[in-house]
K.L.:
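Below are the structure tokens for one structure; questions will follow.
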Amino acid sequence: MPLRIYDTFTRSKQEFRPIRGNHVGMYVCGITVYDLCHIGHARSAIVFDTIYRYLQAKSYDVTFVKNFTDIDDKIINRANREGLTAGQVAERYIEEYYRDMDRLGLRKPTHEPRATLHIGGIIDLVQELIRKGHAYEVSGDVYYAVRSFQGYGKLSGKDIEELEAGARVEPGEAKRDPLDFALWKKSKPGEPSWESPWGRGRPGWHIECSAMSTHFLGESFDLHGGGMDLIFPHHENEIAQSEGATGKRFVSYWLHNGFVQTNKEKMSKSLGNFFTIREILERFEPQALRLFALMHHYRNPVDFSEQSLREAEKALYRGYASLRLLRGLPATGKPLLLPERLEALSDRIDELNNGFFEAMDDDFNTAGALSCLFDLMRLINTHFKDATAGPETGVVKGIDAFVRKAADILGVFDSDPSAFLSSRREKRLAGLGLTKGAVEEMLERRALLRKERAFKDADAIRAELLRQGISIMDTPGGTVWDIADE
RNA sequence: GGCGGCAUAGCCAAGUGGUAAGGCAGCGGUCUGCAAAACCGUUAUCUCCGGUUCAAAUCCGGAUGCCGCCUCCA
């Protein structure tokens, strides 16, 4: 099955063909490390992590590069405000980034370069652009001459004349054209700076990504991703820089994820309407956040709310309950199902398996893929709910193999189900101010009362437990309990 | 103003030509001492108006509403 990817450049789905055989080069613009990450960063990270995982699952040899922008005005401002160096600020928020992202189960990219460690490459690239007539120096600053690059605006669909009309020039800038953007900035006193042919200074925002992507992936590579807001000017400028310098096609496929919104408004630092990943993970499972992201198509905007996250969390628990059932089936024993039912089940599982991969192949349609997985969960419940002996058959193994593969790609449902559910129970139990012992003691009393058929008193205990936030289920194997959903 | 995107059930959300996945919630049922969980059943003239087509949520034109980019932003 061919993988089809929506490419921002052509604004259409294209069949994916890597430049170098089985190898895939993938670059994603990471964060500027000056503050904690919010849900929007989480979504982007989860989306590209899943794409990375899927490409690996399709047996591509993927080199995944995700950078840190660790030199920038915002970092410098924060450093000044807090009496720290820019390096210290960057270092701190890189650590915070990992603290959040590790919890979201992000697979480590192949390389996570920092701009400040690639100054040499950046300077080389700027020099090359000057040599080619795409850039010019004005007293220590170097600017990219946008009009020197044929096709500027081709990614974002912008017309250069219209951009010109709205372009602004900051005071003190000596651009020849308002559209031109800085490749190298002369440092002001007290700012971090590096030696360069144009005096001490630091790189502009866009040049680092051109330098680092080329360093790790070559002059042309397969996939380049980031948030929608990076299309212009960031990615437009990257194209101008890289193609201006090499004369070669920079990137084959441009991928952009949609925003997280709250109340239909973009979640962003400047609007102040954001939740940090950290505060959300205090109250919800990391995998619930992941599932929430993957239940929407990555290009669509997503309205974030407590309710939608809670719904995702419920779906997560329900799925894990099915998996606990599946993994708890004895490996040997009398087959449960009649042969013809088994065969029908087996066919249905193949269908779902194919559906999962067809959805993923269609521009990483994780929502469609998840629907197959949820269907599978229901099949597990239907067929194995009351199993007391397991069929030693390929069907259970087949289901399990499918689940493991899907979980490996999506990064949800990849924990041990029993451990996952019981740790959730412990956590929430503590939140209710209860202990396991106390709950179980009440259940024992109730069991005795039920034996004596004193249902009224038994039900009173059940009601009391529910009042305290515990729901119980009487099963053939005994009474089990869990934290009630609020 | 320029460019782009979105509008699918109570809510969330897949689906780009052949009469609508999935999640959450609701209702009816099975099971249960009663519940719960699980399962089964049930819940959509796909924003509106035109057009193309044997056939449209899906393509084209228009309207309305919402959002994004054009300035730092995932």
Side-chain angles (χ1 to χ4, degrees), chain A residues 8 11-13 28-32 34-35 37-48 72-74 77 153 156-159 161-163 165-168 170 205 225-234 236 256-261 264-271 274 291-292 295-297 299-303 305 307-316 318-319 321-322 325 352 355 359 362 365-375 377-386 450 453-456 458-459 462-463 466 471-476 479-482 484-485:
Chain A
T8 305
R11 301 193 190 274
S12 61
K13 284 182 196 169
V28 171
C29 292
I31 56 159
T32 301
Y34 75 103
D35 205 350
C37 289
H38 60 63
I39 302 297
H41 299 110
R43 182 188 192 193
S44 184
I46 290 164
V47 161
F48 288 109
D72 165 89
D73 286 344
K74 288 193 289 287
N77 290 343
S156 54
K158 302 216 177 285
D159 182 279
E161 301 307 329
E162 263 144 21
L163 285 171
R168 268 191 271 167
E170 297 294 322
W205 174 36
M228 292 273 187
D229 48 1
L230 297 182
I231 295 172
F232 188 89
H234 186 58
E236 198 70 69
H256 293 98
N257 67 277
F259 296 123
V260 175
Q261 318 186 136
K264 305 266 179 202
E265 219 177 29
K266 178 182 172 185
M267 183 181 286
S268 75
K269 284 280 163 64
S270 37
L271 290 170
F274 60 91
L291 189 59
F292 168 73
M295 282 167 87
H296 302 74
H297 188 90
R299 280 190 283 116
N300 290 348
V302 171
D303 212 56
S305 68
Q307 194 202 333
S308 50
L309 201 47
R310 201 173 303 126
E311 284 175 7
E313 198 169 56
K314 279 187 186 172
L316 183 73
R318 206 169 146 268
S322 299
L325 177 63
L352 291 174
D362 183 14
N365 182 358
T366 52
L370 275 166
S371 78
C372 295
L373 203 52
F374 284 119
D375 273 340
M377 304 292 190
R378 185 174 320 111
L379 281 186
I380 293 169
N381 292 336
T382 305
H383 289 88
F384 304 116
K385 179 66 179 173
D386 300 314
R450 287 183 74 216
R453 304 193 67 78
F455 292 122
K456 222 172 186 170
D459 289 352
R462 180 170 64 198
L466 188 61
S471 70
I472 64 176
M473 288 161 264
D474 297 319
T475 72
T479 299
V480 298
W481 60 277
D482 207 335
D485 290 316

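In what follows, every heavy atom counts, from backbone to side chain, and hydrogens, waters and symmetry copies are set aside. Below, chains carry the letters A, B, ... as their sequence lines are ordered, and counting in each starts from 1.
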K.L.:
To the nearest 0.5 Å, tell me how far A:W205 CH2 sits from A:T32 OG1.
P.N.:
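Answer for the CH2-OG1 pair, A:W205 versus A:T32, is 7.0 Å.
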K.L.:
A:S308 near the nucleic acid: base, sugar-phosphate alone, or nothing, with a heavy-atom cut-off under 4.0 Å?
P.N.:
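No contact.
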K.L.:
Rounding to an integer number of angstrom, what distance separates B:A37 and B:G4 when you compare their C1' atoms?
P.N.:
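One C1' to the other, the span is 47 Å.
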K.L.:
Determine the interatomic distance between C1' on B:C6 and the same-named atom on B:U19; round to the nearest Å.
P.N.:
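These two C1' atoms come out 24 Å apart once rounded.
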K.L.:
What is the distance from CG of A:D303 to C1' of B:C24, rounded to the nearest Å?
P.N.:
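From A:D303 CG to B:C24 C1': 16 Å.
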K.L.:
Inspect the contact between A:K74 and A:D35 and indicate whether a charged nitrogen and a carboxylate oxygen are less than 4.0 angstrom apart.
P.N.:
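So A:D35 does not pair with A:K74 through a salt bridge.
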K.L.:
From the set B:G23, B:C69, B:G68, return the single nucleotide nearest to any side-chain atom of A:E265.
P.N.:
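Between B:G23, B:C69, B:G68, the one nearest the side chain of A:E265 would be B:G68.
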K.L.:
Give me the distance, rounded to whole Å, that separates B:G26 from B:G65 when you measure between the P atoms they each carry.
P.N.:
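One P to the other, the span is 36 Å.
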K.L.:
In whole angstrom, give me the gap between the P atoms of B:U71 and B:G61.
P.N.:
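Per the computed distance, 28 Å lies between those P atoms.
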K.L.:
Give one of base, sugar-phosphate or nothing for A:V260, where a contact means two heavy atoms less than 4.0 Å apart.
P.N.:
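Base contact - A:V260 has a heavy atom under 4.0 Å of at least one base atom.
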K.L.:
I need the CG-C1' distance between A:L309 and B:A25, as an integer number of Å.
P.N.:
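Roughly 17 Å, once rounded to whole Å.
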K.L.:
Specify the separation, in whole Å, of atom CZ of A:F259 and atom P of B:C6.
P.N.:
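So the CZ-P distance, A:F259 to B:C6, works out to 14 Å.
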K.L.:
Among B:C11, B:A74, B:A14, find the nucleotide with the atom closest to the side chain of A:T32.
P.N.:
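The answer is B:A74.
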K.L.:
May I ask you to decide if A:E162's main-chain N or O and A:D159's side chain share a donor-acceptor pair within less than 3.5 Å?
P.N.:
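Yes, A:D159 side chain to A:E162 backbone: donor-acceptor pair under 3.5 Å.
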K.L.:
Which part of the nucleic acid does A:N300 contact within heavy-atom distance under 4.0 Å: base, sugar-phosphate only, or nothing?
P.N.:
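If one applies the 4.0 Å heavy-atom cut-off, A:N300 turns out to touch the sugar-phosphate alone, with no base involved.
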K.L.:
Suppose you measure atom C1' in B:C72 against the same atom in B:G15; what distance do you get, rounded to whole Å?
P.N.:
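Those two atoms are separated by 36 Å.
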K.L.:
Using whole Å, report how far CG of A:L271 lies from P of B:C73.
P.N.:
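That distance rounds to 14 Å.
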K.L.:
Do A:K456 and A:D459 meet the salt-bridge criterion of a basic N to acidic O distance under 4.0 Å?
P.N.:
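Answer for the salt bridge query: no.
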K.L.:
When rounded to the nearest Å, what value does the distance between C1' atoms of B:U58 and B:U47 take?
P.N.:
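One C1' to the other, the span is 15 Å.
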K.L.:
Give, for atom CE of A:M267 and atom NE2 of A:H41, the distance between the pair rounded to the nearest 0.5 Å.
P.N.:
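Reported value, rounded in 0.5 Å steps: 10.5 Å.
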K.L.:
Which atoms form the tightest heavy-atom contact between A:M295 and A:A367, and what is the distance?
P.N.:
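In this case the closest contact between A:M295 and A:A367 is O-CB, 3.4 Å.
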K.L.:
By nearest heavy atom, map A:R11 and A:H38 onto RNA chain B; which one lands nearer the 5' end?
P.N.:
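Nearest-nucleotide comparison on RNA chain B picks A:R11.
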K.L.:
Identify, between A:K13 and A:I231, the residue whose nearest nucleotide on RNA chain B lies closer to the 5' end.
P.N.:
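Final value for this comparison: A:K13.
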K.L.:
Expressed as a whole number of Å, how far does the C1' atom of B:G23 sit from that of B:U43?
P.N.:
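These two C1' atoms come out 15 Å apart once rounded.
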K.L.:
Rounded to the nearest 0.5 Å, how far apart are CH2 of A:W481 and CE of A:M473?
P.N.:
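It is 10.5 Å, given to the nearest 0.5 Å.
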K.L.:
Can you tell me the distance, in whole Å, between the CE atom of A:M377 and the P atom of B:C39?
P.N.:
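Atom-to-atom, A:M377 to B:C39, this comes out as 12 Å.
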K.L.:
In whole Å, what separates the P atom of B:U45 from that of B:A57?
P.N.:
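It works out to 13 Å between them.
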K.L.:
What is the nucleic acid contact for A:G258, judged by heavy atoms within less than 4.0 Å: base, sugar-phosphate only, or nothing?
P.N.:
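Contact class for A:G258: base.
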K.L.:
Determine which bases of RNA chain B form Watson-Crick or G-U wobble pairs with both distances under 3.5 Å, and write the result as a 5' to 3' dot-bracket string with | for other-strand partners.
P.N.:
((((((((.[[[..)......]]].(((((.......)))))....(((((.......))))))))))))....
K.L.:
So, is A:N381 near the phosphate of B:C39, with a side-chain N or O under 4.0 Å from OP1 or OP2?
P.N.:
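So the side chain of A:N381 is within the cut-off, an N or O lying under 4.0 Å from OP1 or OP2 of B:C39.
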K.L.:
Closest approach of A:F274 and A:S268, non-hydrogen atoms and distance?
P.N.:
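So the minimum-distance heavy-atom pair works out to CD2-O, 3.6 Å.
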K.L.:
Starting at atom CG of A:N257, determine the distance to atom C1' of B:C73, rounded to an integer number of angstrom.
P.N.:
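Going from CG in A:N257 over to C1' in B:C73 covers 12 Å.
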K.L.:
With a 4.0 Å cutoff (strictly under), does any side-chain N or O of A:N365 reach OP1 or OP2 of B:G15?
P.N.:
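Yes, such a contact exists.
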K.L.:
Please determine whether side chain to side chain contact (heavy atoms under 4.5 Å, CB included) holds for the pair A:T366 and A:V47, giving the CA-CA distance in whole Å, both sets of side-chain angles, and the decisive distance to 0.1 Å.
P.N.:
CA-CA 9 Å; A:T366 52; A:V47 161; over 6 Å; no
K.L.:
Minimum heavy-atom separation for A:R299 and A:M228, please, with both atom names.
P.N.:
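Here A:R299 and A:M228 meet closest at O-CE, 3.3 Å.
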K.L.:
Which letters describe nucleotides 27-37 of chain B, given B = protein heavy atom under 4.0 Å from base, S = only from sugar-phosphate, - = neither?
P.N.:
------BBBBS
K.L.:
Using a cut-off of 4.0 Å on non-hydrogen atoms, how would the nucleic acid contact of A:S156 be classed: base, sugar-phosphate, or nothing?
P.N.:
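The answer is sugar-phosphate, as A:S156 gets under 4.0 Å only of primed atoms, P, OP1 or OP2.
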K.L.:
Less than 4.5 Å apart, side chain to side chain, heavy atoms only: is that true for A:K269 and A:H38?
P.N.:
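Heavy-atom side-chain distance check passes, below 4.5 Å.
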K.L.:
When we call it a touch if two heavy atoms are under 4.0 Å apart, what does A:F232 touch: a base, just sugar-phosphate, or nothing?
P.N.:
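Sugar-phosphate contact only.
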K.L.:
May I ask you to verify if any side-chain N or O of A:K266 is less than 4.0 angstrom from the OP1 or OP2 atom of B:C69?
P.N.:
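Result: yes.
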K.L.:
Test side chain to side chain contact (heavy atoms under 4.5 Å, CB included) on A:F292 and A:V302 and set out the steps.
P.N.:
CA-CA 9 Å; A:F292 168 73; A:V302 171; 3.3 Å; yes
K.L.:
To the nearest Å, how far apart are A:Q261 CD and B:C67 C1'?
P.N.:
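Whole-Å distance recorded here is 6 Å.
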K.L.:
Using nucleotides 19-22 of chain B, report all nitrogen or oxygen pairs with the protein that are shorter than 3.5 Å.
P.N.:
from: B:A21; atom 1: N3; to: A:S371; atom 2: OG; distance (Å): 3.2

K.L.:
Can you tell me how far apart CG (A:N381) and CZ (A:R318) are? Round to the nearest 0.5 Å.
P.N.:
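Output value for this atom pair is 6.5 Å.
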K.L.:
Name the nucleic acid region contacted by A:G40, choosing base, sugar-phosphate or nothing; use a 4.0 angstrom heavy-atom cut-off, strictly under.
P.N.:
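The residue A:G40 makes base contact.
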K.L.:
Taking all non-hydrogen atoms of both residues, which atom of A:C372 and which atom of A:G355 are closest, and how far apart?
P.N.:
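In terms of heavy atoms, the two residues are closest at SG-C, 3.5 Å.
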K.L.:
Roughly how many Å is it from CG in A:L163 to P in B:G4, rounded to a whole number?
P.N.:
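Taking atom P of B:G4 as the reference, CG of A:L163 is at 13 Å.
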